[in-house]
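Notes follow the structure.
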Amino acid sequence: MTNTNESSALHKKAAVDHEAAAKHHQTAAEAHAQNKVSDAKISSKSAMDSATAAHKNTKVACDSSEK
């Protein structure tokens, strides 16, 4: 059985990663709205990286809760 403190920490990490991805998505959207394509590409890449990390951490966190 997974320690509840460990599960809590894993879920918090996943949430932080999702929040970071959302901020990068918002920045990319704003850059597109201002026709700043280069900035949008950079923010989009950051959003993808954060979303990928968030997805991985979500899987780990949810798996830990099931144990």
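Scope of the values below: all heavy atoms of this structure, side chains included, with no hydrogens, waters or symmetry mates.
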Side-chain donor-acceptor distances from residues 21-31 under 3.5 Å, at least two apart:
{"unit_1": "Gln26", "atom_1": "NE2", "unit_2": "Glu30", "atom_2": "OE2", "d": "3.2"}
{"unit_1": "Thr27", "atom_1": "OG1", "unit_2": "Lys23", "atom_2": "O", "d": "3.0"}

Please set out all donor-acceptor pairs under 3.5 angstrom arising from side-chain atoms of residues 9-20, sequence neighbours excluded.
{"unit_1": "His11", "atom_1": "NE2", "unit_2": "Ala61", "atom_2": "O", "d": "3.3"}
{"unit_1": "His11", "atom_1": "NE2", "unit_2": "Ser65", "atom_2": "OG", "d": "2.8"}
{"unit_1": "Lys13", "atom_1": "NZ", "unit_2": "Asp17", "atom_2": "OD1", "d": "2.9"}
{"unit_1": "Asp17", "atom_1": "OD2", "unit_2": "Asn57", "atom_2": "ND2", "d": "2.5"}
{"unit_1": "His18", "atom_1": "NE2", "unit_2": "Thr58", "atom_2": "OG1", "d": "2.8"}

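Applying the salt bridge (charged side-chain N to carboxylate O under 4.0 Å, His left out) test to every pair with at least one member in residues 38-51, sequence neighbours left out, gives these pairs: Lys45-Asp49.
Glu66 pairs by the side-chain hydrogen bond (donor to acceptor under 3.5 Å, both in side chains) definition with nothing, not counting sequence neighbours.
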